[in-house]
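First comes the structure, then the notes that go with it.
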Amino acid sequence: DISSNPLRHNIFKSASNRLWIDITGVLTSAAVHFFGLSMIDTGMGTIINYLVRSKLFPIKSIFSSLTTYLFLLFFISSTLLKSIRNFIFPRYGIKLFMNHIEECHQFIDKGFEDENNQNFTNCVNHFQNILLILPQILAKRAIPCLLPTIVCLRILGKLAKNSIDALALTRAVESNPTTEMNLMLWKLTILIKNNETTLKLFENETIDNLVDIYKRKSFDKDIQLKIDEFFDNYGCRGIGEIDIGRKRWSDQPEIVLEQIKNYLKISNPDKAIDKIHDQSRQSAYEALSRIENDLRWPFIQRPLVNFLFNRLKILFSIRECPKFYGLIQTFGKCRKELLSKANLAVNENLISNVDDIFFLYINELKSLAYDTDHKQYDKIDYWKNLILQRRLEYTKQMSCKRIPLILLSNGTTYYDATTISDETNQQIELIEGEYIGSPVSPGVYEGKVRIVDDPMNSKLEPGEILVCTATDPAWTSLFPIVGALVLEMGGMLQHGAIVSREYGLPAVVGVANAKNIFHNGQFIQVNGSNGRIKILSNE
C-alpha cells in the first residue's frame, strides 16, 4: 500500500510520532517458530519469547492463515535454496548481492538525472518508487547471505568447548563498510600527523575554524583531497542515520573533524587502528586453534570447523552492507535531491526551511511539490501551520527519556526485559553491586565509567569505560580510546557489539537502565565473557 496514511499499513504503525513494526501477524502464525530478535536486541528477544510462552497470541489454525503458510512456503523455500548456495559458494553470494545493489543505484542515479528530474514532483515520484523497490531487493538478496553466518556461528558455538571462543572467531571477518571507513579515516589521520602545518591547525584551532578551513578548501592540497574523498564515500553517514530527516556528515563536517581530533590523541602504537585490526584478526585465529585443540573427535570435526570458519569470515562482513549500501547511501542521494528541490518551495514562500519537508507524509509532499511547480499560493498558511505543529510535537517526543521496546494494544508497555515477572525471567545469582547483561565481546577490563549521550560531546578520556544507550557508526572514533563498552540495548549483531569484537574490547549489552545504575568516575569491572558487571568503587 503506497498510501502514506499509517493507519492503512499492515506492518508499519505510527504512535507518538514514532514508527513501530506490528508483529502480531507473525506471532499468531507458523512464522513464530522462525522468529527471533535476540541477535539484534537481547531484551526484545526475551520479551518476545515471554509473550509467545504466555500464549497471549494464540496461533491460528492452518486454514485461517493459509495465505501466510503459502507465503512462508514460497519465501522460505526460495531463501533456503539461496542460503545453501551461498553457504557452498560464499564469495559468489557476496558478488551477487553487490551486483544487485549496484543495479539498484544505477536506477536511483538515472531517476535523479536532470532530464528525469526537472521539477519537484518528478523528484518526489522517483523517491517514492525507490522506497517501493528497495525493501524487496534488500530482503531477497541480503537474508540468504546472513542466514548462513548465523548457522555457522551457532554450530561453531556447539562445537567449541568454550562458546566465547566461537564468538571471538567473528574478529577475523573480512572488511565491512564500517571497518573500511575507520581505516580510511585513520590513514587520513596519519597523513595529518606527518604534515606539520595541518597538525598544528588541528591542535590549535577550534572545530568551527577547522570546518571553515575545510569548506574554503584551504588545507594543504593532499590533505584536502583525502578529506574530500572521505566525504565522497562516507558523507552520507550520520548520527541516527536510519532516519532520512537527520543530518549527514556532509551537512555537519565538524563530526568527522572531531573524530580526527580523537584519533590524533592516540599515542599508544598498540591503539593504532590498523594495529588493532591486525591484533583482532590474530586473536580470532588463536581462538580457532583453541577450538581445534579441544575437539572431541578432531579427525572428523576439524575439517568441519575450518569449513564453517571460512564461511563465517567471508559472509559475516555482509552484516553492515545492506544498511550502508542499501539504505544509507540511498538515503544520502534522496536527501540531497529532495533538499535541493525543497529550495524551490522555500523560494516560493510555501515553507520556511528546506528540512520542513521531513515533517510531511509522502502524499503531502506530493501536494507541496505540485503547489511549488504550479505556483499555487492558496495553501501557504496551511503548510506553515502544519509543519510548525509537527515540529512542536517532534520536540516534545525527543524530550522523552525512555521509549518502550514493545507495546501491546491493551496498553501494556515493555521498556526492558526486567519488567517481565520473575517466574518466567531467567534467574542468575548475583552478589551485591553486580549486574548482568549479554556478553557480546570477550575479555575482562577494569576502569572508570563515562556516561555518554552524544559522541560529539563525550569528554571521554583514554581507558574509560563507555556506557551509553546504543551506538552507530558516528560513535566509532571513540572505540580506540575506550577500555570496554556497556550498552543498554543491543545484541550480537548490533553495531557496538560488532565493532567491539573487531577492536578486541570487552563488551556487555542489554544492561537495562545502565546510564542510571552507573555514574561518571565510578570504578567497575566489565566481563565480556560472562556478561557480568561489578562495581568495585563508587569514587
Side-chain angles (χ1 to χ4, degrees), residues 39-40 83 86-98 101 141-157 159-160 162-186 234 272-292 304-326 328 439-443 471-473 475-476 479-480 485 490-507 509 528:
M39 296 287 279
I40 299 168
S83 297
N86 294 343
F87 184 71
I88 300 171
F89 307 107
R91 294 196 188 280
Y92 178 70
I94 295 282
K95 182 180 178 182
L96 271 183
F97 172 77
M98 295 308 297
I101 290 292
R141 307 303 174 187
I143 292 175
C145 288
L146 289 171
L147 283 179
T149 68
I150 296 171
V151 171
C152 288
L153 196 55
R154 289 188 172 174
I155 296 175
L156 286 166
L159 292 173
N162 186 343
S163 60
I164 296 300
D165 282 336
L167 189 59
L169 295 178
T170 60
R171 291 175 173 170
V173 298
E174 295 182 359
S175 291
N176 61 50
T178 303
T179 304
E180 291 167 356
M181 178 188 75
N182 297 339
L183 290 171
M184 188 174 186
L185 195 61
W186 178 249
Y234 302 106
I273 308 302
D274 49 357
K275 184 74 177 289
I276 287 173
H277 285 295
D278 291 342
Q279 291 171 341
S280 181
R281 190 173 292 108
Q282 181 59 36
S283 70
Y285 284 97
E286 291 169 1
L288 178 64
S289 296
R290 288 195 297 272
I291 292 173
E292 290 179 333
L304 176 61
V305 167
N306 279 279
F307 179 82
L308 294 172
F309 174 63
N310 286 330
R311 267 75 199 144
L312 182 68
K313 70 180 183 180
I314 295 170
L315 289 172
F316 199 78
S317 62
I318 201 82
R319 150 63 177 86
E320 297 261 348
C321 292
K323 181 187 175 187
F324 178 68
Y325 296 116
I328 305 309
V440 292
S441 183
T471 67
D472 62 25
W475 294 69
T476 307
F479 282 72
L485 183 70
M492 196 71 68
L493 297 181
Q494 199 266 351
H495 171 268
I498 291 174
V499 178
S500 291
R501 289 194 293 271
E502 288 183 4
Y503 281 49
L505 299 173
V509 303

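Excluded from the calculations below are hydrogen atoms, water molecules and symmetry mates; all remaining heavy atoms, backbone and side chain alike, are included. Computed from a predicted model, the values in this text were never measured in an experiment.
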Taking atom CZ of Arg290 as the centre, does the number of heavy atoms from other residues, nucleotides or ligands within less than 6.0 Å exceed 12?
-> yes
Test of ring centre spacing under 6.0 Å for Tyr325 and Phe97 | no
Is there side-chain contact between Thr471 and Gln494, with heavy atoms separated by less than 4.5 Å?
-> yes
Nearest-0.5 Å distance that lies between atom CZ in Phe89 and atom CD1 in Ile94 | 15.0 Å
Would you name the heavy atoms of Gly93 and Asn86 that are closest together and state the gap between them?
-> CA-OD1, 3.2 Å
Student check: side-chain heavy atoms of Phe87 and Cys152 closer than 4.5 Å = yes
Quick one: do the Asn306 and Glu292 side chains pair a donor with an acceptor below 3.5 Å?
-> yes
Distance-minimising heavy-atom pair for Pro442 and Ala168 = CG-CB, 4.4 Å
Taking the side chain as every heavy atom from C-beta outward, state whether Leu96 and Arg141 have any pair of such atoms under 4.5 Å apart.
-> no
Looking only at heavy atoms, the pair that brings Ile273 and Pro480 closest together is CD1-CG, 3.1 Å
Answer with yes or no whether the side chains of Thr170 and Arg501 bring together a donor and an acceptor at under 3.5 Å.
-> yes
When rounded to the nearest 0.5 angstrom, what is the spacing between CD in Glu180 and OH in Tyr234?
-> 5.0 Å
Straight-line distance of Ile276 CD1 to Arg171 CZ, nearest 0.5 Å | 11.5 Å
Spatial distance of atom CG (Leu304) from atom CZ (Phe309) [nearest 0.5 Å] | 13.5 Å
Distance-only donor-acceptor check, side chains Glu502 and Ser280, under 3.5 Å | no
CZ on Arg91 to CD1 on Ile314, rounded to 0.5 Å = 4.0 Å
Just by distance, do the side chain of Ser289 and the backbone of Tyr285 share a donor-acceptor pair under 3.5 Å?
-> yes
Any side-chain heavy-atom pair of His495 and Glu320 under 4.5 Å = yes
Could you check if a side-chain atom of Arg311 sits within less than 4.5 angstrom of a side-chain atom of Thr149, using non-hydrogen atoms only?
-> no
When you check the gap from the basic side-chain N to the acidic O, do Asp278 and Lys275 get nearer than 4.0 Å?
-> no
Between the side chain of Ser317 and the main-chain N/O of Val173, is any donor-acceptor distance below 3.5 Å?
-> no
Check whether any side-chain heavy atom of Met492 sits under 4.5 Å from a side-chain heavy atom of Leu167, and report yes or no.
-> yes
Could you tell me which non-hydrogen atom of Gly528 sits nearest to which non-hydrogen atom of Ile164, and how far apart they are?
-> O-CD1, 4.5 Å
Heavy atoms only: give me the nearest Ser83-Pro144 pair and the separation to one decimal.
-> OG-CA, 3.3 Å
State, with a plain yes or no, whether a side-chain heavy atom of Pro90 is found less than 4.5 Å away from one of Pro148.
-> no
Begin with the C-alpha distance, continue with both residues' side-chain angles, and end with the deciding distance and a verdict on side chain to side chain contact (heavy atoms under 4.5 Å, CB included) for Leu485 and Leu505.
-> CA-CA 7 Å; Leu485 183 70; Leu505 299 173; 5.5 Å; no
Step by step, work out the side chain to side chain contact (heavy atoms under 4.5 Å, CB included) result for Leu183 and His277.
-> CA-CA 9 Å; Leu183 290 171; His277 285 295; 3.5 Å; yes
List the steps and the verdict of side chain to side chain contact (heavy atoms under 4.5 Å, CB included) for Asn182 and Tyr503.
-> CA-CA 11 Å; Asn182 297 339; Tyr503 281 49; 3.1 Å; yes
Using a cut-off of 6.0 Å, state whether more than 12 heavy atoms not belonging to Phe307 lie near its atom CZ.
-> yes
With a 4.5 Å heavy-atom cut-off, do Ile291 and Leu169 have their side chains touching?
-> yes
Spatial distance of atom CD1 (Ile318) from atom CD1 (Ile143) [nearest 0.5 Å] = 12.5 Å
